[in-house]
Amino acid sequence: MCGIAGICRLDNTPLTPSSTRWVIAMTDRMVHRGPDGQGVWTHGPVSLGHRRLSIIDLSGGSQPMHSHDGRLTVVFNGEIYNFPELRKELIAAGHRFRTQSDTEVLLESYRHWGTDCLSHFDGMFAFALWDATHHRLFCARDRFGKKPFFYTVQHGQLYFASELSALEQVKELQFTINPQSVTRYLAYEYVPAPQTMYAEVCNLQPSHLLLLEHGDIHIRRYWDMPIPDEQDTRDITTLCEELRHLMTRAVQMRMISDVPLGVFLSGGIDSTIIAGLMATQSSAPIKTFSIGFTESAYDESRYARTAAKTFSTDHHEHVLSAKDCADILPGIINGMDVPMADASVAPTWLLSSVTREKVTVALGGDGADELWAGYEHYIGFKIAEWYNKLPNSLRRHIIEPLAQILPSSAGYINPRLAVQTFLQAAHAPAWQRVQSMLTALTLDMQREVLSASFVSQIPDFFSPEILFAPTHTQYKHWLPREAASPLARAFHVYVRQFLPEDILVKVDRCSMLHSLEVRAPFLDRDVAIFVARLPVRYKLHGFKRKWLLKKAFADLLPNEILHRNKRGFQIPVAQWLRGRMRPLMEDMLNVDTLRKQGIFNPQAVRKLMDLHISGLTDLRKPLWTLLVFQLWWQAHKA
């Protein structure tokens, strides 16, 4: 795992001497992504920089790496898991290799297949490859966006880096807050690609490549998720056997490492499956790592201990308190180059810290919830279709008024908040329903908390069709309309939007801040294609989530874990904002700071805080989202 950066002239003229200094500055900012080595190469119109975290071929994989004839040069962040097979195929085709690294396989794959090499890779990656013969810069991100790639075009040059904070080191670049991105962040808790918080900077989307050639930049999608085959007639036994085979192979491929590795073990279905498959393929006890909470409603550590005992692992556990979270949160956000308000960023950061003390690589269960209907929202989406078929009088005059008097709680589940969120989603169009269940600040709330001067910059942006356009694009991706059901389209939104923009960003940044590589077997190319093609009923069977996945691994999972309810990796945000973290919230959202900043209405934000602190309303999501934004602003723009 690594960090990459570079500059390339659009007109193919030589770079100025200062360009190399800027590339060095960018790579220096990402030392956490690659503490084991640094390299910079400048030639003519291009300069490429690299920070290395050594995982495979510790002595021979230094970068930037050149092909044997000097024609090709690459900086590469990530892993190509099927590189041994590709290497054999390329050797048989006459290619020569000087190292055992997957980086050299990338170079020779491009030489052999051109940009179509991407269709042959199974891995997580972001890279930039310079082809001196064709004066072409070829960049790409993996299918699900596990590895980041940001770029900007200014001063007749393309600048790119693994992190926004690296680009910020180039003092000749301009970075202007994009008002549209602020509003989308407040709704989504992140800024959906290709936008970033800066108007001048783009986020290369997953499954996309970028070509800079003849002074022009071309961006296109190179891979797409297949549509579910609702007519699949294969029997359940056959499907379970194929899934077991694919997952076993995916885990085996991700256990290839020249440094110690372990597994994130939450005690849920997904991480327990991975731990079990690792244990069956390891001659020594595998190392497992988990986080517990002092608040029992959020603590899953006993399930992790059950799984660890079942597979006889070398288990390591750390307990997180509100004080821990309050103390480390500003530092975490400061290290996050993008504002991202997933509250589980704190435990993920701490889990990565604990894990890195023992290993350099960890496997995790990321992607399973999105592919296999692990979230309650999938059930909510299904119920919403039924709910809207009820008589309007029953919905409007009986059910919805009752929802207003349900009990409220600061615990893991707040009944009133959960039902209100569902009803809000049920009232929305089908395409908007998924995001409605995830939205932090609604349109009405944004109109209140944003300042009049800020709103005046984007007066036409405050409509669902515009604000949630990224969701609409993903939902309508498959045409014609009959090609996929509304529920299948909801899966697509989760996999192509929430997964890469929230889950994978969180894991990448939190792990890389500790120089830890995290691998995701559930996002293996063949596993993901297999799952995507399955009929929706095999993933959400009635109200049973992960139905086929549980069937396939029922003999591997302890009964206590197989039959438990899903719990997200969350922290007691509602409680902490009323208690230990209240001073931090009130400090970051104080009237003077907000008035000087000019984005928010100080009185409206104060009202939100007062309502939440009083216990009258649970506003954990909007307040946490505002708090994270202010911490990010303080670190990057103040």
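No experiment lies behind these values; they were computed from the predicted model shown.
- Around the CZ atom of R98, the shell of radius 6.0 Å holds more than 12 heavy atoms that belong to other residues, nucleotides or ligands.
- Ring to ring, H50 and W41 are not that close: their centroids are 6.0 angstrom or more apart.
- Taking the six-membered ring for Trp and the full ring otherwise, Y375 and F498 have centroids separated by under 6.0 Å.
- H43 and W130 have their aromatic ring centers separated by at least 6.0 angstrom.
- Judged as a side chain to side chain contact (heavy atoms under 4.5 Å, CB included), and not counting sequence neighbours, the contacts of I529 are W223, P226, R525, R533.
- When every heavy atom of R545 is checked against every heavy atom of E376, the shortest pair comes out as NH1-N, 3.3 Å.
- For F138 and F127, the ring centers are positioned less than 6.0 Å apart.
- Between Y185 and Y190, the ring center distance fails the sub-6.0 Å criterion.
- Under the 4.5 Å side-chain criterion, counting only non-hydrogen atoms from C-beta, D116 is not in contact with Y110.
- Q63 and R52 form no side-chain donor-acceptor contact under 3.5 Å, judged by distance and modelled atom types alone.
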Under the ring-ring contact (aromatic ring centres under 6.0 Å, His included) rule, what do Y378 and Y494 come out as? Steps first, then yes or no, please.
CA-CA 10 Å; Y378 284 101; Y494 264 102; 4.8 Å; yes
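- Residues passing the side chain to side chain contact (heavy atoms under 4.5 Å, CB included) test with T238, sequence neighbours excluded: D235.
- Counting all heavy atoms, side chain and backbone alike, A126 lies closest to P148 at CB-O, 3.4 Å.
- Scanning for salt bridge (Lys or Arg N to Asp or Glu O under 4.0 Å) contacts around D122 gives R254, with sequence neighbours left out.
- When each of H135, H218, R136 is paired with E213, the side-chain hydrogen bond (donor to acceptor under 3.5 Å, both in side chains) condition holds for R136 and for no other.
- The side chain to side chain contact (heavy atoms under 4.5 Å, CB included) test applied to H112 returns L90, A93, H95, not counting sequence neighbours.
- In this structure, the side chains of C202 and Y151 come closer than 4.5 Å at one or more pairs of heavy atoms.
- I4 has its side chain within reach of F160: a pair of non-hydrogen atoms, C-beta onward, lies under 4.5 Å apart.
- With salt bridges taken as basic N to acidic carboxylate O contacts below 4.0 Å, one links D508 and K147.
- Looking at S271 and S266, their side chains do bring a donor and an acceptor atom within 3.5 Å of each other.
- Judged purely by distance below 3.5 Å, without hydrogens or angles, the side chains of S344 and K506 pair a donor atom with an acceptor atom.
- Applying the ring pair (Phe, Tyr, Trp, His ring centres under 6.0 Å) criterion to H208, with sequence neighbours excluded, gives no partner residue.
- Between R29 and E168, no side-chain nitrogen of the basic residue sits less than 4.0 Å from a carboxylate oxygen of the acidic one, so the salt-bridge criterion is not met.
- In this structure, D131 pairs ionically with R71, as a charged nitrogen and a carboxylate oxygen lie closer than 4.0 Å.
- Between T152 and E200, the side chains place no donor N or O within less than 3.5 Å of an acceptor N or O (distance only, hydrogens not considered).
- For D69, the salt bridge (Lys or Arg N to Asp or Glu O under 4.0 Å) partners at least two apart in sequence or on another chain are R111.
- The residues R87 and E85 are annotated as not salt-bridged, no charged nitrogen and carboxylate oxygen being separated by less than 4.0 angstrom.
- The 12-atom threshold is not exceeded at NZ of K551, counting heavy atoms of other residues, nucleotides or ligands nearer than 6.0 Å.
- Side-chain contact between W372 and W547 is absent, with no heavy-atom pair separated by less than 4.5 Å.
- When only modelled atom types and interatomic distance are considered, R496 and S207 share a side-chain donor-acceptor pair under 3.5 Å.
- When each of E163, R51, H514 is checked for a side-chain hydrogen bond (donor to acceptor under 3.5 Å, both in side chains) with H32, only E163 meets the rule.
- Heavy-atom minimum distance, N178 versus Q195: ND2-NE2, 3.5 Å.
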